[in-house]
There are 2 protein chains.
Amino acid sequence: MARAQNDTKARIGEVALELFGRQGYERTSLREIAERLDITKAALYYHYPSKRDLLRALSEPLRQDAMGLAERFGERSDEPREVLGAYFDLCVRHSTLMVTLLHDLAGLSESGLVEEVVAWRRRLDVALVGEDAPIPARMGAVAALGGIQDIAVLMPAEEATLHRGRAVEIALAALRVGMSGMD
Amino acid sequence: MARAQNDTKARIGEVALELFGRQGYERTSLREIAERLDITKAALYYHYPSKRDLLRALSEPLRQDAMGLAERFGERSDEPREVLGAYFDLCVRHSTLMVTLLHDLAGLSESGLVEEVVAWRRRLDVALVGEDAPIPARMGAVAALGGIQDIAVLMPAEEATLHRGRAVEIALAALRVGMSGMD
DNA sequence: GTCTATACGTCGATAGAC
DNA sequence: GTCTATCGACGTATAGAC
(Lines give C-alpha, C1' and ligand atoms only; values in the text may rest on other atoms or scores of the structure.)
Protein backbone atom coordinates (compact mmCIF):
# COMPACT_ATOMS: atom_id res chain seq x y z
CA MET A 1 0.00 0.00 0.00
CA ALA A 2 0.98 3.62 -0.55
CA ARG A 3 1.30 4.32 3.16
CA ALA A 4 3.97 1.72 3.79
CA GLN A 5 5.78 2.71 0.63
CA ASN A 6 6.13 6.30 1.75
CA ASP A 7 7.06 5.28 5.26
CA THR A 8 9.90 2.99 4.30
CA LYS A 9 11.12 5.24 1.54
CA ALA A 10 11.23 8.22 3.88
CA ARG A 11 12.97 6.25 6.63
CA ILE A 12 15.61 5.10 4.16
CA GLY A 13 16.21 8.74 3.22
CA GLU A 14 16.58 9.80 6.85
CA VAL A 15 19.05 7.07 7.74
CA ALA A 16 21.02 7.61 4.52
CA LEU A 17 21.34 11.37 5.12
CA GLU A 18 22.58 10.77 8.64
CA LEU A 19 25.13 8.14 7.66
CA PHE A 20 26.31 9.96 4.54
CA GLY A 21 26.79 13.11 6.60
CA ARG A 22 28.60 11.34 9.41
CA GLN A 23 30.95 9.06 7.54
CA GLY A 24 30.64 10.01 3.88
CA TYR A 25 28.96 8.58 0.82
CA GLU A 26 31.60 6.12 -0.30
CA ARG A 27 32.22 4.81 3.17
CA THR A 28 28.56 4.12 3.78
CA SER A 29 27.45 0.83 2.27
CA LEU A 30 23.91 -0.10 1.36
CA ARG A 31 24.22 -3.09 3.67
CA GLU A 32 24.86 -0.68 6.55
CA ILE A 33 21.77 1.39 5.75
CA ALA A 34 19.66 -1.72 5.36
CA GLU A 35 20.78 -3.22 8.67
CA ARG A 36 19.77 -0.08 10.54
CA LEU A 37 16.24 -0.50 9.21
CA ASP A 38 16.18 -4.28 9.65
CA ILE A 39 15.65 -4.91 5.99
CA THR A 40 17.94 -6.30 3.31
CA LYS A 41 20.00 -4.54 0.68
CA ALA A 42 17.70 -5.81 -2.03
CA ALA A 43 14.72 -4.12 -0.39
CA LEU A 44 16.43 -0.75 -0.84
CA TYR A 45 16.47 -1.36 -4.54
CA TYR A 46 12.70 -1.51 -4.63
CA HIS A 47 12.53 2.11 -3.40
CA TYR A 48 15.60 3.59 -5.09
CA PRO A 49 17.00 2.35 -8.39
CA SER A 50 20.59 2.88 -7.28
CA LYS A 51 22.78 4.22 -4.48
CA ARG A 52 23.40 7.30 -6.56
CA ASP A 53 19.70 8.01 -6.93
CA LEU A 54 19.28 7.72 -3.20
CA LEU A 55 21.90 10.43 -2.75
CA ARG A 56 20.42 12.65 -5.41
CA ALA A 57 17.02 12.51 -3.75
CA LEU A 58 18.55 14.03 -0.62
CA SER A 59 19.74 17.16 -2.42
CA GLU A 60 16.48 17.73 -4.27
CA PRO A 61 15.26 20.63 -2.06
CA LEU A 62 18.46 22.59 -2.68
CA ARG A 63 18.18 21.82 -6.37
CA GLN A 64 14.61 23.14 -6.56
CA ASP A 65 15.50 26.28 -4.61
CA ALA A 66 18.46 27.09 -6.83
CA MET A 67 16.48 26.56 -10.00
CA GLY A 68 13.99 29.12 -8.80
CA LEU A 69 16.80 31.62 -8.19
CA ALA A 70 18.35 31.04 -11.58
CA GLU A 71 15.02 31.64 -13.27
CA ARG A 72 14.33 34.75 -11.22
CA PHE A 73 17.60 36.30 -12.36
CA GLY A 74 17.69 34.83 -15.82
CA GLU A 75 18.85 38.01 -17.49
CA ARG A 76 20.93 40.97 -16.49
CA SER A 77 19.65 42.69 -13.38
CA ASP A 78 20.18 46.35 -12.50
CA GLU A 79 19.94 45.48 -8.83
CA PRO A 80 23.17 43.59 -8.06
CA ARG A 81 22.53 44.07 -4.36
CA GLU A 82 19.38 42.01 -4.73
CA VAL A 83 21.13 39.26 -6.69
CA LEU A 84 23.94 38.96 -4.17
CA GLY A 85 21.52 39.04 -1.24
CA ALA A 86 19.35 36.31 -2.73
CA TYR A 87 22.38 34.14 -3.40
CA PHE A 88 23.61 34.66 0.15
CA ASP A 89 20.21 33.65 1.54
CA LEU A 90 20.17 30.51 -0.55
CA CYS A 91 23.63 29.49 0.63
CA VAL A 92 22.67 30.05 4.26
CA ARG A 93 19.30 28.33 3.89
CA HIS A 94 20.96 25.15 2.69
CA SER A 95 24.25 25.51 4.51
CA THR A 96 23.66 22.37 6.59
CA LEU A 97 23.27 20.22 3.50
CA MET A 98 26.08 22.08 1.75
CA VAL A 99 28.46 21.60 4.64
CA THR A 100 27.44 17.95 4.89
CA LEU A 101 28.23 17.45 1.22
CA LEU A 102 31.34 19.63 1.44
CA HIS A 103 32.76 17.37 4.11
CA ASP A 104 32.05 14.47 1.81
CA LEU A 105 33.33 15.46 -1.59
CA ALA A 106 32.96 11.95 -2.91
CA GLY A 107 29.24 12.24 -2.31
CA LEU A 108 29.13 15.76 -3.67
CA SER A 109 30.72 14.49 -6.84
CA GLU A 110 28.28 11.62 -7.18
CA SER A 111 25.28 13.86 -6.54
CA GLY A 112 26.00 15.82 -9.71
CA LEU A 113 25.48 19.05 -7.80
CA VAL A 114 28.80 20.61 -8.76
CA GLU A 115 28.03 20.92 -12.44
CA GLU A 116 24.69 22.46 -11.58
CA VAL A 117 26.21 24.95 -9.14
CA VAL A 118 28.73 26.00 -11.79
CA ALA A 119 25.89 26.49 -14.27
CA TRP A 120 23.80 28.52 -11.80
CA ARG A 121 26.74 30.73 -10.97
CA ARG A 122 27.37 31.42 -14.64
CA ARG A 123 23.78 32.61 -14.95
CA LEU A 124 24.26 34.85 -11.93
CA ASP A 125 27.49 36.16 -13.46
CA VAL A 126 25.45 37.25 -16.44
CA ALA A 127 22.82 38.80 -14.18
CA LEU A 128 25.56 40.84 -12.51
CA VAL A 129 27.73 42.09 -15.38
CA GLY A 130 25.95 41.06 -18.58
CA GLU A 131 26.64 38.55 -21.30
CA ASP A 132 29.83 39.75 -22.98
CA ALA A 133 31.48 41.61 -20.14
CA PRO A 134 35.22 42.32 -20.34
CA ILE A 135 37.55 40.12 -18.30
CA PRO A 136 38.00 42.42 -15.28
CA ALA A 137 34.24 42.79 -14.87
CA ARG A 138 33.76 39.03 -15.00
CA MET A 139 36.53 38.72 -12.42
CA GLY A 140 34.58 41.01 -10.13
CA ALA A 141 31.42 38.94 -10.54
CA VAL A 142 33.28 35.67 -9.94
CA ALA A 143 34.95 37.05 -6.84
CA ALA A 144 31.69 38.55 -5.53
CA LEU A 145 29.79 35.27 -5.80
CA GLY A 146 32.72 33.12 -4.67
CA GLY A 147 33.37 35.39 -1.72
CA ILE A 148 29.78 35.53 -0.53
CA GLN A 149 29.40 31.79 -0.97
CA ASP A 150 32.47 31.15 1.15
CA ILE A 151 31.16 33.44 3.87
CA ALA A 152 27.83 31.60 3.95
CA VAL A 153 29.32 28.13 3.90
CA LEU A 154 32.61 28.45 5.82
CA MET A 155 31.50 30.73 8.65
CA PRO A 156 29.03 29.71 11.37
CA ALA A 157 25.47 30.20 10.10
CA GLU A 158 24.53 32.43 13.03
CA GLU A 159 27.44 34.81 12.53
CA ALA A 160 26.78 34.99 8.82
CA THR A 161 23.07 35.70 9.22
CA LEU A 162 23.69 38.35 11.83
CA HIS A 163 25.97 40.27 9.48
CA ARG A 164 24.14 39.60 6.24
CA GLY A 165 24.21 43.28 5.25
CA ARG A 166 27.95 43.49 5.58
CA ALA A 167 28.44 40.31 3.57
CA VAL A 168 26.47 41.80 0.70
CA GLU A 169 28.45 45.05 0.90
CA ILE A 170 31.73 43.13 0.75
CA ALA A 171 30.63 41.28 -2.37
CA LEU A 172 29.34 44.50 -3.86
CA ALA A 173 32.72 46.16 -3.35
CA ALA A 174 34.46 43.33 -5.20
CA LEU A 175 31.95 43.63 -8.01
CA ARG A 176 32.46 47.40 -8.28
CA VAL A 177 36.25 47.23 -8.46
CA GLY A 178 35.94 44.68 -11.21
CA MET A 179 33.59 46.91 -13.19
CA SER A 180 35.37 50.21 -12.64
CA GLY A 181 36.55 51.49 -15.97
CA MET A 182 33.69 49.80 -17.80
CA ASP A 183 31.68 52.00 -20.09
CA MET B 1 68.49 -1.23 -9.56
CA ALA B 2 67.55 2.27 -8.54
CA ARG B 3 67.15 3.42 -12.12
CA ALA B 4 64.34 0.98 -12.90
CA GLN B 5 62.62 1.79 -9.64
CA ASN B 6 62.35 5.44 -10.51
CA ASP B 7 61.31 4.73 -14.05
CA THR B 8 58.39 2.47 -13.24
CA LYS B 9 57.30 4.52 -10.27
CA ALA B 10 57.33 7.71 -12.32
CA ARG B 11 55.47 6.12 -15.22
CA ILE B 12 52.79 4.89 -12.84
CA GLY B 13 52.40 8.43 -11.57
CA GLU B 14 52.05 9.85 -15.07
CA VAL B 15 49.44 7.35 -16.17
CA ALA B 16 47.54 7.70 -12.91
CA LEU B 17 47.41 11.50 -13.15
CA GLU B 18 46.10 11.30 -16.68
CA LEU B 19 43.42 8.72 -15.91
CA PHE B 20 42.37 10.31 -12.63
CA GLY B 21 42.05 13.64 -14.40
CA ARG B 22 40.11 12.25 -17.32
CA GLN B 23 37.66 9.93 -15.62
CA GLY B 24 38.05 10.50 -11.92
CA TYR B 25 39.68 8.72 -9.02
CA GLU B 26 36.92 6.30 -8.10
CA ARG B 27 36.20 5.37 -11.69
CA THR B 28 39.84 4.54 -12.38
CA SER B 29 40.75 1.07 -11.19
CA LEU B 30 44.23 -0.15 -10.40
CA ARG B 31 43.75 -2.87 -12.98
CA GLU B 32 43.21 -0.17 -15.61
CA ILE B 33 46.41 1.66 -14.69
CA ALA B 34 48.37 -1.58 -14.60
CA GLU B 35 47.13 -2.71 -18.01
CA ARG B 36 48.27 0.53 -19.62
CA LEU B 37 51.80 -0.17 -18.38
CA ASP B 38 51.67 -3.90 -19.14
CA ILE B 39 52.25 -4.85 -15.55
CA THR B 40 49.95 -6.40 -12.94
CA LYS B 41 47.97 -4.79 -10.16
CA ALA B 42 50.30 -6.34 -7.64
CA ALA B 43 53.26 -4.55 -9.20
CA LEU B 44 51.60 -1.23 -8.38
CA TYR B 45 51.37 -2.40 -4.85
CA TYR B 46 55.11 -2.70 -4.71
CA HIS B 47 55.67 0.96 -5.59
CA TYR B 48 52.72 2.50 -3.73
CA PRO B 49 51.30 0.99 -0.55
CA SER B 50 47.73 1.85 -1.56
CA LYS B 51 45.63 3.58 -4.20
CA ARG B 52 45.20 6.48 -1.84
CA ASP B 53 48.95 6.93 -1.45
CA LEU B 54 49.32 6.97 -5.21
CA LEU B 55 46.87 9.86 -5.39
CA ARG B 56 48.50 11.73 -2.54
CA ALA B 57 51.88 11.53 -4.25
CA LEU B 58 50.44 13.40 -7.24
CA SER B 59 49.45 16.41 -5.16
CA GLU B 60 52.75 16.62 -3.30
CA PRO B 61 54.14 19.62 -5.29
CA LEU B 62 51.08 21.72 -4.48
CA ARG B 63 51.31 20.62 -0.87
CA GLN B 64 54.96 21.70 -0.58
CA ASP B 65 54.29 25.03 -2.25
CA ALA B 66 51.37 25.85 0.02
CA MET B 67 53.32 24.92 3.13
CA GLY B 68 55.96 27.42 2.12
CA LEU B 69 53.34 30.14 1.75
CA ALA B 70 51.74 29.37 5.08
CA GLU B 71 55.11 29.62 6.80
CA ARG B 72 56.01 32.83 5.02
CA PHE B 73 52.84 34.50 6.30
CA GLY B 74 52.65 32.73 9.60
CA GLU B 75 51.71 35.83 11.53
CA ARG B 76 49.79 38.98 10.79
CA SER B 77 51.18 40.87 7.84
CA ASP B 78 50.88 44.59 7.27
CA GLU B 79 51.08 44.01 3.54
CA PRO B 80 47.74 42.41 2.63
CA ARG B 81 48.41 43.17 -1.02
CA GLU B 82 51.42 40.90 -0.83
CA VAL B 83 49.50 38.10 0.90
CA LEU B 84 46.69 38.18 -1.65
CA GLY B 85 49.10 38.36 -4.55
CA ALA B 86 51.10 35.40 -3.31
CA TYR B 87 47.94 33.36 -2.80
CA PHE B 88 46.77 34.26 -6.29
CA ASP B 89 50.08 33.16 -7.77
CA LEU B 90 49.93 29.86 -5.94
CA CYS B 91 46.40 29.15 -7.20
CA VAL B 92 47.40 29.95 -10.78
CA ARG B 93 50.66 28.00 -10.56
CA HIS B 94 48.78 24.84 -9.62
CA SER B 95 45.52 25.56 -11.40
CA THR B 96 45.90 22.56 -13.71
CA LEU B 97 46.15 20.16 -10.81
CA MET B 98 43.47 22.06 -8.89
CA VAL B 99 41.04 21.95 -11.79
CA THR B 100 41.83 18.28 -12.31
CA LEU B 101 41.03 17.55 -8.70
CA LEU B 102 38.06 19.92 -8.74
CA HIS B 103 36.49 17.96 -11.56
CA ASP B 104 37.00 14.86 -9.48
CA LEU B 105 35.79 15.61 -6.00
CA ALA B 106 35.94 11.98 -4.99
CA GLY B 107 39.67 12.10 -5.59
CA LEU B 108 39.99 15.48 -3.93
CA SER B 109 38.33 14.03 -0.87
CA GLU B 110 40.59 11.01 -0.78
CA SER B 111 43.72 13.10 -1.27
CA GLY B 112 43.14 14.83 2.05
CA LEU B 113 43.86 18.18 0.39
CA VAL B 114 40.64 19.85 1.49
CA GLU B 115 41.44 19.81 5.17
CA GLU B 116 44.87 21.22 4.40
CA VAL B 117 43.51 23.98 2.18
CA VAL B 118 41.06 24.96 4.91
CA ALA B 119 43.93 25.07 7.40
CA TRP B 120 46.14 27.17 5.11
CA ARG B 121 43.34 29.60 4.46
CA ARG B 122 42.76 30.02 8.17
CA ARG B 123 46.42 30.96 8.58
CA LEU B 124 46.10 33.47 5.76
CA ASP B 125 42.95 34.86 7.40
CA VAL B 126 45.06 35.55 10.46
CA ALA B 127 47.77 37.12 8.32
CA LEU B 128 45.16 39.46 6.85
CA VAL B 129 43.08 40.59 9.81
CA GLY B 130 44.77 39.21 12.91
CA GLU B 131 43.92 36.52 15.42
CA ASP B 132 40.79 37.73 17.19
CA ALA B 133 39.29 39.92 14.52
CA PRO B 134 35.58 40.85 14.79
CA ILE B 135 33.14 38.95 12.58
CA PRO B 136 32.83 41.53 9.77
CA ALA B 137 36.61 41.72 9.36
CA ARG B 138 36.86 37.93 9.18
CA MET B 139 34.09 38.00 6.60
CA GLY B 140 36.18 40.35 4.51
CA ALA B 141 39.20 38.07 4.72
CA VAL B 142 37.15 34.97 3.86
CA ALA B 143 35.56 36.72 0.89
CA ALA B 144 38.91 38.12 -0.30
CA LEU B 145 40.61 34.72 -0.31
CA GLY B 146 37.55 32.85 -1.60
CA GLY B 147 37.05 35.39 -4.36
CA ILE B 148 40.65 35.42 -5.53
CA GLN B 149 40.80 31.63 -5.41
CA ASP B 150 37.68 31.36 -7.57
CA ILE B 151 39.15 33.78 -10.09
CA ALA B 152 42.36 31.77 -10.34
CA VAL B 153 40.64 28.39 -10.56
CA LEU B 154 37.39 29.05 -12.42
CA MET B 155 38.64 31.50 -15.06
CA PRO B 156 41.05 30.57 -17.87
CA ALA B 157 44.61 30.73 -16.59
CA GLU B 158 45.71 33.13 -19.33
CA GLU B 159 42.95 35.63 -18.62
CA ALA B 160 43.61 35.46 -14.91
CA THR B 161 47.38 35.98 -15.25
CA LEU B 162 46.93 38.87 -17.64
CA HIS B 163 44.77 40.75 -15.12
CA ARG B 164 46.55 39.70 -11.96
CA GLY B 165 46.70 43.26 -10.68
CA ARG B 166 42.97 43.74 -10.96
CA ALA B 167 42.29 40.43 -9.22
CA VAL B 168 44.36 41.56 -6.25
CA GLU B 169 42.58 44.93 -6.17
CA ILE B 170 39.19 43.19 -6.18
CA ALA B 171 40.16 41.03 -3.22
CA LEU B 172 41.65 44.04 -1.47
CA ALA B 173 38.36 45.93 -1.83
CA ALA B 174 36.45 43.06 -0.22
CA LEU B 175 38.97 42.98 2.61
CA ARG B 176 38.69 46.74 3.19
CA VAL B 177 34.89 46.79 3.36
CA GLY B 178 35.04 43.99 5.90
CA MET B 179 37.51 45.91 8.04
CA SER B 180 35.93 49.33 7.76
CA GLY B 181 34.84 50.43 11.20
CA MET B 182 37.59 48.42 12.87
CA ASP B 183 39.73 50.35 15.31
C1' DG C 1 64.80 -5.35 -5.51
C1' DT C 2 61.11 -6.11 -8.89
C1' DC C 3 57.37 -8.40 -10.27
C1' DT C 4 53.60 -12.44 -11.04
C1' DA C 5 50.00 -15.66 -9.56
C1' DT C 6 46.42 -16.22 -6.79
C1' DA C 7 43.26 -15.40 -3.35
C1' DC C 8 40.16 -12.89 0.25
C1' DG C 9 36.40 -10.02 1.67
C1' DT C 10 33.23 -6.36 0.39
C1' DC C 11 30.91 -3.64 -2.70
C1' DG C 12 26.71 -2.22 -5.87
C1' DA C 13 23.49 -4.51 -8.47
C1' DT C 14 20.22 -8.20 -10.35
C1' DA C 15 17.01 -12.41 -10.79
C1' DG C 16 13.39 -14.77 -9.19
C1' DA C 17 10.64 -16.89 -5.31
C1' DC C 18 7.17 -15.78 -1.83
C1' DG D 1 7.35 -5.27 -0.75
C1' DT D 2 10.66 -8.02 0.86
C1' DC D 3 13.40 -12.09 0.74
C1' DT D 4 17.58 -15.44 -0.66
C1' DA D 5 21.14 -16.24 -3.70
C1' DT D 6 24.35 -14.85 -6.74
C1' DC D 7 27.04 -11.92 -9.99
C1' DG D 8 31.37 -9.36 -11.60
C1' DA D 9 34.50 -5.83 -10.18
C1' DC D 10 36.93 -3.65 -6.81
C1' DG D 11 41.02 -2.64 -3.30
C1' DT D 12 44.07 -5.23 -0.74
C1' DA D 13 47.23 -8.90 0.72
C1' DT D 14 50.75 -12.51 0.60
C1' DA D 15 53.79 -16.26 -1.16
C1' DG D 16 57.17 -16.99 -4.09
C1' DA D 17 59.67 -16.64 -8.93
C1' DC D 18 63.63 -14.25 -10.88
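Here is the naming used below: chain letters follow the sequence lines, and residue numbers restart at 1 for every chain.
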CG on A:Leu54 to OG on A:Ser111, rounded to 0.5 Å: 12.0 Å
Stepwise salt bridge (Lys or Arg N to Asp or Glu O under 4.0 Å) test for B:Arg22 and B:Glu18: CA-CA 6 Å; B:Arg22 181 136 50 85; B:Glu18 190 208 325; 2.7 Å; yes
Between P of C:dG1 and CG of B:Asp7, the distance in whole Å: 18 Å
Side-chain N or O of A:Thr8 closer than 4.0 Å to phosphate OP1/OP2 of D:dT2: yes
Separation of atom CG in A:Asp38 from atom P in D:dC3, rounded to whole Å: 9 Å
Report, one pair per line, the protein and nucleotides 16-18 of chain D atoms (nitrogen or oxygen only) whose separation is under 3.5 Å.
none

N or O in side chain of B:Thr40 less than 4.0 angstrom from C:dC3 OP1/OP2: no
Smallest separation among heavy atoms of B:Gly146 and B:Arg121, with atom names: N-NH2, 3.3 Å
Rounded distance (nearest 0.5 Å) linking atom OH of A:Tyr45 with atom CG of A:Leu30: 5.0 Å
Separation of A:Ile148 CD1 from A:Leu172 CG (nearest 0.5 Å): 9.0 Å
Closest approach of B:Gly85 to B:Val168 (non-hydrogen atoms, all atoms of both residues): CA-CG2, 3.9 Å
Presence of B:His47 side-chain N/O under 4.0 Å of C:dG1 phosphate oxygens OP1/OP2: no
Give every pair of a protein N or O atom and an N or O atom of nucleotides 7-11 of chain C that lie under 3.5 Å apart, one pair per line with the distance.
unit_1	atom_1	unit_2	atom_2	d
C:dC11	OP1	A:Ser29	OG	3.4
C:dC11	OP2	A:Arg31	NE	2.9

Rounded interatomic separation in angstrom, taking CZ from B:Arg27 and P from C:dG12: 14 Å
B:Ala42 side-chain proximity, nearest of C:dT14, D:dG1, C:dT4: C:dT4
d(OH, A:Tyr45; P, D:dT2) in whole Å: 16 Å
Whole-Å distance separating the OH atom of B:Tyr46 from the P atom of D:dA15: 17 Å
Salt-bridge present (B:Glu35, B:Arg31; N to O < 4.0 Å): yes
Nucleotide D:dC10, atom C1' - distance to CZ of B:Arg52 in whole Å: 17 Å
Rounded distance in Å - CD (B:Glu35) to C1' (C:dT4): 15 Å
Gap between atoms CZ and C1', on B:Arg11 and C:dT2 respectively (whole Å): 14 Å
Axial cation check for A:Tyr25 ring with A:Lys51, 6.0 Å and 45° limits: yes
SB check B:Glu71 B:Arg123 (cutoff 4.0 Å): no
